[in-house]
Amino acid sequence: LFYYHQTFWLLWKSVDKMRCLRKRSTLPVLTFLLTALLFFNLYMNDGYVLEGEKRQLGETLIHPSSSDRYVHTFKDLSNFSGSINVTYRYLAGIPLSRKKYLTIGLASVKRKKGSYLLETIKSIFDQSSYEELKEIVVVVHLADFDLVWCENVVQEITRKFAHHIIAGRLLVIQAPEEFYPSLDGLKRNYNDPEDRVRFRSKQNVDYAFLLNFCTNLSHFYMMLEDDVRCSRNFLTALKKVITSREGSYWVMMEFSKLGYIGKLYHSRDLPRLAHFLLMFYQEMPCDWLLIHFRGLLAQKDVIRFKPSLFQHMGYYSSYKGVENKLKDDDFEEDSIDIPDNPPAGIYTNINVFENYDATKAYSSIVDEYFWGKPPCTGDFFIIIFNKSTKISRIKIVTGTEDRQNDILHHGALEVGQKSVETKQGRQCTSYITLGEFKVGNIEINDVDHKIGFDIECVRIVVTASQKEWLIIRTISLWTTPPVGQLM
């Protein structure tokens with residue numbers, strides 16, 4: 001442990017010397033820091049670097065921001081030779097002992113123009129069903145150093161959302177100013193003005209403290225901004241996507257293409273992400289750091305889903321009140337048509353072009369699809385479910401707007417049962433045909449009413465050879481809800 005601390009102390013001193021070389025590019029510095037992070041990740045013990053300790057509180061509503069209530073312990077690893085404790089203050093609410101499915105984290109500061117925090121909180125709750133509300137907790141970090149402003153905001157939140165606070169669905173916290181690293185004399189990377197560097201550097205720390213607090217509250221964590229509108233039943237849509245990705249590796253999934261909005265993480269990754277933001281808080285904006293973090297944990301490609309579930313609604317930025325009219329044109333207010341796509345294995349004997357493999361047709365990730373060379377009569381594309389399931393609807397789209405002729409010109413859709421293990425893997429031994437492709441597409445409704453068995457396989461069969469290549473853009477499956485399940 002001593003060697004570990006000493007090594008990082010030497011690394012940190014080296015970086016300090018590099019900062020003095022004003023005429024050099026900041027790229028070598030960042031490269032050095034990222035290399036240090038890789039070394040750090042190899043030796044990090046999550047139990048050592050981040051420790052959480054909660055104190056039971058008698059009250060469930062407002063706690064004055066001047067009160068000292070030790071809730072969590074945080075070791076500041078921006079100084080590798082020692083650690084400091086950060087005292088989080090509960091301003092409203094206390095967490096429940098039961099771990100929820102999803103934590104939604106918001107960091108908010110006083111704006112020169114406009115205020116959208118209350119609207120954002122209202123949208124989260126209003127767009128969730130009663131059953132969905134049981135599975136979420138919203139944590140608001142009031143990260144402004146103006147304590148009077150914080151007190152006023154807490155009073156507004158408490159007045160409007162008291163029942164959610166009492167139910168343990170809403171917490172308001174604060175990390176006091178004295179525990180922040182220095183926000184003066186920061187490096188001016190990218191020739192940003194000093195006030196801009198200070199703003200984005202503090203924002204990184206705001207998020208780091210928020211992430212640390214939320215580590216043990218739920219299984220998953222969603223990062224939002226404080227000026228966001230949500231789609232209806234967004235949690236149900238999220239759960240569908242998470243279920244469809246079972247067995248696949250991911251670090252960050254994105255449900256909006258803007259800023260820090262709609263970024264989903266496993267809660268187990270929050271301690272490392274918190275430390276990452278702290279270590280590089282003055283290097284670059286948070287959204288850039290999130291990209292580097294994802295890459296360092298070996299998720300090379302963006303995993304973004306469409307339609308977007310969250311929309312930026314603020315008109316004025318929290319930085320100096322400048323105008324910010326950014327909108328996500330992939331956002332849909334009602335995202336109820338998102339497919340379930342149960343976990344499955346995907347196989348085809350069609351020759352695949354480059355990395356447009358079969359699994360990409362079954363994904364709802366933006367711009368992913370299967371692309372194969374010209375198929376022949378009898379070629380197939382099979383989905384084999386991990387377990388048999390009831391399917392209510394199937395929709396398959398081939399071709400793209402750019403390649404409208406790369407469709408399945410002649411094909412049939414089949415569903416199968418009675419799977420057995422073969423040398424080629426698990427296969428269904430009995431199939432029935434549901435329909436034929438028309439102009440490259442097919443959609444079958446009420447599937448569960450048309451067949452008398454739970455489906456184990458879905459198969460696309462080429463019924464005539466074609467000269468054109470084949471793109472399968474999307475395969476969308478909707479399962480039949482269990483009897484008695486609330487919608």
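Predicted, not measured: the structure shown is a model, and the values here were computed from it.
- A 4.5 Å side-chain heavy-atom check between S392 and T479 finds every atom pair outside the cut-off.
- Using a 4.5 Å cut-off on side-chain heavy atoms (C-beta onward), I242 and M253 make contact.
- When side chains are defined from C-beta on, I396 counts as touching I472, because their heavy atoms get closer than 4.5 Å.
- Put simply, CG on N152 and CD on Q155 are 5.5 Å apart, with the number rounded to the nearest 0.5 Å.
- You'll find the side chain of L142 reaches within 4.5 Å of the side chain of V172, heavy atoms only.
- In this structure, A92 and V154 approach most closely via the heavy-atom pair CB-CG1, 4.4 Å.
- The backbone N or O of A143 lies less than 3.5 Å from no partner atom in the side chain of K110, so there is not a single donor-acceptor pair.
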side-chain contact (heavy atoms from CB on, under 4.5 Å) between V228 and Y116: does it pass, once the steps are laid out? CA-CA 8 Å; V228 168; Y116 312 99; over 6 Å; no
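- Side-chain N/O atoms of S231 and Q127 include no donor and acceptor closer than 3.5 Å.
- Between L477 and P339 the shortest side-chain heavy-atom distance does not fall below 4.5 Å.
- Contact check for M284 versus H292: side-chain heavy atoms found under the 4.5 Å cut-off.
- With contacts defined as side-chain heavy-atom distances shorter than 4.5 Å, the pair Y369/W371 qualifies.
- Aromatic ring orientation, F353 versus Y356: parallel (interplanar angle below 30°, classes split at 30° and 60°).
- Relative orientation of the F213 and Y88 rings is tilted, given thresholds of 30° and 60° on the angle between their planes.
- A side-chain donor-acceptor contact under 3.5 Å links E132 to the backbone of S129.
- Within the model, atoms OG1 of T120 and CG of D227 stand 6.0 Å from one another, a figure rounded to the nearest 0.5 Å.
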| message | For a side-chain contact (heavy atoms from CB on, under 4.5 Å) check, start with the C-alpha distance between F220 and Y265, then their side-chain angles and the critical distance, and finish with the verdict. | response | CA-CA 6 Å; F220 299 97; Y265 297 90; over 6 Å; no
Without placing hydrogens or testing angles, list every side-chain donor-acceptor pair under 3.5 Å for residues 98-105, not counting sequence neighbours.
from : atom 1 : to   : atom 2 : distance (Å)
R98  : NH2    : K134 : O      : 2.9
K100 : NZ     : I136 : O      : 3.2
T103 : OG1    : S218 : OG     : 2.6

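- For the atom pair SG of C286 and NZ of K202, the computed distance is 12.5 Å after rounding to the nearest 0.5 Å.
- Shown here for P343 and E246, the closest heavy-atom pair between the two residues is CG-OE1, 3.7 Å.
- With hydrogens and angles disregarded, a donor-acceptor distance shorter than 3.5 Å links the side chain of Q299 to the backbone of V251.
- For the residue pair T359/D357, the side-chain donor-acceptor check at 3.5 Å is satisfied.
- The two residues S248 and R245 come nearest to each other via the heavy atoms OG-O, 2.6 Å.
- Side-chain atoms of N204 do not come within 3.5 Å of backbone N or O of L277 as any donor-acceptor pair.
- Between the side chain of S201 and the main chain of R198, no donor-acceptor pair closer than 3.5 Å is present.
- The two residues S182 and Y281 make their nearest non-hydrogen contact at O-OH, 2.9 Å.
- Remark: side-chain polar atoms of R169 are not paired, donor with acceptor, to backbone N or O of V137 under 3.5 angstrom.
- At a threshold of 4.0 Å, the pair E135-K239 counts as salt-bridged, since one of the basic side-chain nitrogens sits closer than that to a carboxylate oxygen.
- No more than 12 heavy atoms of other residues, nucleotides or ligands lie within 6.0 Å of CD in E194, so this atom counts as exposed by the packing criterion.
- Taking CE from M222 and CG from L106, the interatomic distance works out to 11.5 Å, rounded to the nearest 0.5 Å.
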* Please walk me through it: do F276 and L296 pass side-chain contact (heavy atoms from CB on, under 4.5 Å)? -> CA-CA 11 Å; F276 184 80; L296 286 168; 3.6 Å; yes
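- Note that CG of L210 is 5.5 Å distant from CD1 of I173, once rounded to the nearest 0.5 Å.
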task: Before giving the answer on side-chain contact (heavy atoms from CB on, under 4.5 Å), spell out for I124 and L224 the whole-Å C-alpha distance, their side-chain angles and the decisive distance to 0.1 Å.
output: CA-CA 10 Å; I124 293 171; L224 290 185; 4.1 Å; yes
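- Distance alone, capped at 3.5 Å, places no donor-acceptor pair between the T389 side chain and the F385 backbone.
- In this structure, the side chain of D144 engages the main chain of D146 through a donor-acceptor pair within 3.5 Å.
- In this structure a side-chain-to-backbone donor-acceptor pair under 3.5 Å is present from S123 to C230.
- In this model, a donor atom of one side chain and an acceptor atom of the other lie less than 3.5 Å apart for D206 and Y180.
- Note that NE2 of H141 is 11.0 Å distant from OH of Y207, once rounded to the nearest 0.5 Å.
- When all heavy atoms of V302 and E254 are compared, the pair lying nearest together is CG1-OE2, 3.6 Å.
- The side chain to side chain contact (heavy atoms under 4.5 Å, CB included) test with L309 is passed by exactly one of L264, L238, L235, N233: L238.
- Listed for the Y362 side chain is a donor-acceptor partner under 3.5 Å among the backbone atoms of P342.
- By the 4.5 Å heavy-atom criterion applied to side chains, I157 and L118 are counted as neighbours.
- Nearest heavy atoms, T400 versus R473: CA-NH2, 3.6 Å.
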